[in-house]
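Notes follow once the structure below has been shown.
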Number of protein chains: 2
Amino acid sequence: MTIKEIAQRANVSLGTVDRVLHKRGKVSRKTKERILAILEEVDYKPNVYARGLALNKSFVVAALVPDSEEGEYWEVPSLGIKRAVKNLGQFGIKVNFFYFDQNNVESFIERTAEVLELEPDGVILAPVINFEATKFCFKLKAKEIPFTIIDSKIHGDNYLSFIGQDSFQSGRLAAKLLVSSVPKQGKIFIISIKNNENHNRTLQQRIEGFKDFMLSASNQDLLLEEINVDQRNSDWKINLEKICSRKNIDGIYVPSSKVHFVAEIIFNKKLSIKLVGNDLINNNFKYLESGIIDYVIGQRPENQGYMALENFYKFLVAKQEISKNVFLPLDIITKENLMYYKPQIELS
Amino acid sequence: MTIKEIAQRANVSLGTVDRVLHKRGKVSRKTKERILAILEEVDYKPNVYARGLALNKSFVVAALVPDSEEGEYWEVPSLGIKRAVKNLGQFGIKVNFFYFDQNNVESFIERTAEVLELEPDGVILAPVINFEATKFCFKLKAKEIPFTIIDSKIHGDNYLSFIGQDSFQSGRLAAKLLVSSVPKQGKIFIISIKNNENHNRTLQQRIEGFKDFMLSASNQDLLLEEINVDQRNSDWKINLEKICSRKNIDGIYVPSSKVHFVAEIIFNKKLSIKLVGNDLINNNFKYLESGIIDYVIGQRPENQGYMALENFYKFLVAKQEISKNVFLPLDIITKENLMYYKPQIELS
DNA sequence: TTGTAAGCGTTATCAG
DNA sequence: CTGATAACGCTTACAA
């Protein structure tokens with residue numbers, strides 16, 4: 001049913017129908033109600049093609065994400081955004097990437113300034129630099145630029161949508177997997193590998209979740225130790241080796257994608273330790289394949305990127321409702337199912 | 001860059017450009033090459049809105065899937081298809097559902113006849129009735145109706161695309177999970193619960209995969225027994241109870257969504273048996289939540305349905321390339337991550 | 001307050 | 001072989 005047909009039914013011109021559809025201009029109460037009734041009755045749905053053609057405009061979304069080498073974690077959400085551009089670009093959604101160094105607060109601040117200058121129609125934000133990201137969100141709010149947060153939540157709820165993971169539950173899940181793989185009186189290490197001072201909320205919440213599970217799994221009598229390794233020390237690898245070589249370790253949890261560093265040591269030293277970590281990046285893939293890493297927990301980073309842009313398509317172009325909070329599933333990945341988790345990205 | 005602009009550059013009318021774009025009508029070699037060169041140079045991409053508006057046609061896809069009660073497995077792929085209709089319907093994709101009784105070959109044959117009569121632009125087929133489904137595929141091929149197979153593969157490769165699971169690997173994964181949860185010399189049962197005579201390939205392949213893993217995990221000394229339960233016997237539940245109550249069972253694998261029947265028995269009789277099955281249907285959900293079922297393996301049935309229709313959108317409407325085979329990940333679902341696997345379907 | 005008409009980019013038809 | 005033109009359904013500016 002087209003506007004024209006509706007106009008005929010209502011004995012008005014299509015201009016009048018348009019006015020009630022868009023609530024612009026004045027329409028007499030009587031005709032307005034008549035048209036509304038017909039609209040309701042025929043369940044009018046505008047033709048997206050005609051609408052898109054007539055409007056003929058496009059939107060720019062800024063993606064503010066960490067830069068990354070090939071095979072690193074943050075490469076993946078970006079690939080998801082790029083795949084979305086490939087699918088949705090034809091509908092008038094464009095993306096500008098702004099890459100910052102996640103170990104350099106200054107670079108983040110510089111990029112945020114650039115984004116504000118661009119005045120995009122939307123922003124996709126990876127809030128890894130927590131404090132500054134929160135400040136940036138206030139500025140976006142002030143400029144009335146809608147933004148979507150990916151990966152992990154930050155303080156405040158003035159965002160358009162959040163797409164990411166539940167880090168606490170991720171830690172609980174890791175604990176479940178590790179606890180059920182080690183002896184009842186085993187010794188478990190949590191090893192955090194970091195190379196900056198930032199308060200990393202994701203890491204912190206995973207560790208809290210891990211401990212939470214350990215406390216509730218009281219039928220076991222496990223020994224738990226928490227260890228930090230600082231990559232800025234030149235001898236951090238030797239240090240890590242020493243830690244892993246201690247006697248009687250049954251399991252190790254690395255609450256980040258850096259679990260492959262531990263895997264490498266376990267492999268080289270032929271240690272027999274159950275190992276659980278996060279994220280199916282290439283370096284972890286090979287150790288999963290060989291069984292050195294027992295489980296990796298994934299949170300569909302490629303999907304996160306894709307959905308973030310898709311949400312802007314829905315919001316800006318299709319004027320659809322979107323979910324404010326999307327927690328993607330925590331995938332348990334192990335040797336036997338990893339082959340189907342590799343994101344199939346073929347960007348030509 | 002529009003056709004009009006290209007026509008200007010080439011000193012021809014836009015009708016001529018259109019002819020070379022669509023390879024229809026005759027165009028002199030010289031002008032054709034000139035236009036082609038410009039098209040290449042400016043990387044011409046047609047405006048999807050204008051195209052959709054001008055073509056103004058819509059496509060009908062027939063979905064041939066098992067009927068189901070609420071909470072049963074086959075409800076979910078249908079919900080995925082419906083969600084896709086909600087998103088893609090506006091672009092001119094319509095779906096007609098044809099539900100058959102998966103325990104009644106006749107009903108399947110009747111539905112296939114109805115589908116052929118409709119002459120749809122595409123078919124989504126759940127090939128649970130293997131033999132007849134294969135025959136139907138030949139008929140579709142003869143009528144040149146493209147079809148997508150969901151869930152599990154059947155013989156032949158004349159389909160447009162397949163979207164489903166690797167059942168063999170699903171069985172291997174189940175074995176891995178069960179083996180790592182039971183004692184080294186434990187006793188494991190595979191219990192198949194069926195209510196028809198059909199040769200169910202999915203079930204068979206899962207069992208084969210399970211055994212394959214058991215053979216390769218030779219460091220354990222496990223006892224394996226394979227048991228069939230026929231739901232057409234009036235006393236099948238009592239029978240199942242007896243089986244589960246045998247002495248010294250450490251683990252049970254039910255290679256289907258019917259694992260909740262075993263869970264119910266384990267719960268009622270307070271047995272201590274590790275339990276692994278398939279599919280996050282409601283009945284399994286509650287037993288996972290309480291920890292009676294240890295792991296369920298899922299294959300994203302909602303996604304399967306969604307992607308099947310999305311593929312037809314890509315193929316019929318957007319004229320995009322589509323993957324011939326999509327194996328969706330085998331998700332490991334357990335108490336600690338199940339809350340994020342529930343498909344969030346709100347069909348208003 | 002209401003009607004009219006141009007224009008969005010593509011497709012398809014018809015006349016030259 | 002080529003050019004001109006109507007049509008698709010909607011938006012928007014302008015005229016009545």
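Residue numbers start from 1 in every chain, and the chains themselves are labelled A, B, ... in the order their sequence lines are given, proteins ahead of strands.
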Which nucleotide span of DNA chain D, 5' end to 3' end, has atoms closer than 4.0 Å to non-hydrogen atoms of chain A?
D:dG9 to D:dT12

Any luck finding a side-chain donor-acceptor pair between [X] and [Y] under 3.5 Å?
X: B:Y49; Y: A:N47; value: no
X: A:S161; Y: A:N311; value: yes
X: A:K314; Y: B:N87; value: no

Side chain B:Q304, main chain B:D151, donor-acceptor under 3.5 Å:
yes

How are the rings of B:F136 and B:F108 set relative to one another: parallel (under 30°), tilted (30 to 60°) or perpendicular (over 60°)?
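Ring orientation, 0 to 90° scale: perpendicular.
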
Given C:dT1, is OP1 or OP2 found less than 4.0 Å from the side-chain N or O atoms of A:S28?
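Indeed not, no polar side-chain atom of A:S28 lies that close.
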
Please state how far atom NZ in A:K32 lies from atom P in C:dT2, giving the value in whole angstrom units.
11 Å

Other residues, nucleotides and ligands only: do more than 12 of their heavy atoms fall within 6.0 Å of NZ on A:K57?
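Not buried by this count: 12 neighbours or fewer within 6.0 Å.
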
Measure from NZ or CZ of B:K324 to the centre of the six-membered ring of B:F162 and say whether it is under 6.0 Å with the direction within 45° of the ring axis.
no

So which protein nitrogen or oxygen atoms get under 3.5 Å of nucleotides 8-11 of chain C's nitrogens or oxygens?
residue	atom	partner	partner atom	Å
C:dC8	O3'	A:N56	ND2	3.2
C:dC8	O2	A:A54	N	3.4
C:dG9	N2	B:A50	O	3.3
C:dT10	OP1	B:Y44	OH	2.4
C:dT10	OP1	B:N47	N	3.3
C:dT10	OP2	B:I3	N	2.7
C:dT11	OP1	B:H22	NE2	3.1
C:dT11	OP1	B:R51	NE	3.0
C:dT11	OP2	B:D18	OD1	3.3
C:dT11	OP2	B:H22	NE2	3.3

From the options B:K4, B:K23, B:R24, B:R51, select the one residue that forms a salt bridge (Lys or Arg N to Asp or Glu O under 4.0 Å) with B:D18.
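Between B:D18 and the candidates, salt bridge (Lys or Arg N to Asp or Glu O under 4.0 Å) is satisfied uniquely by B:R24.
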
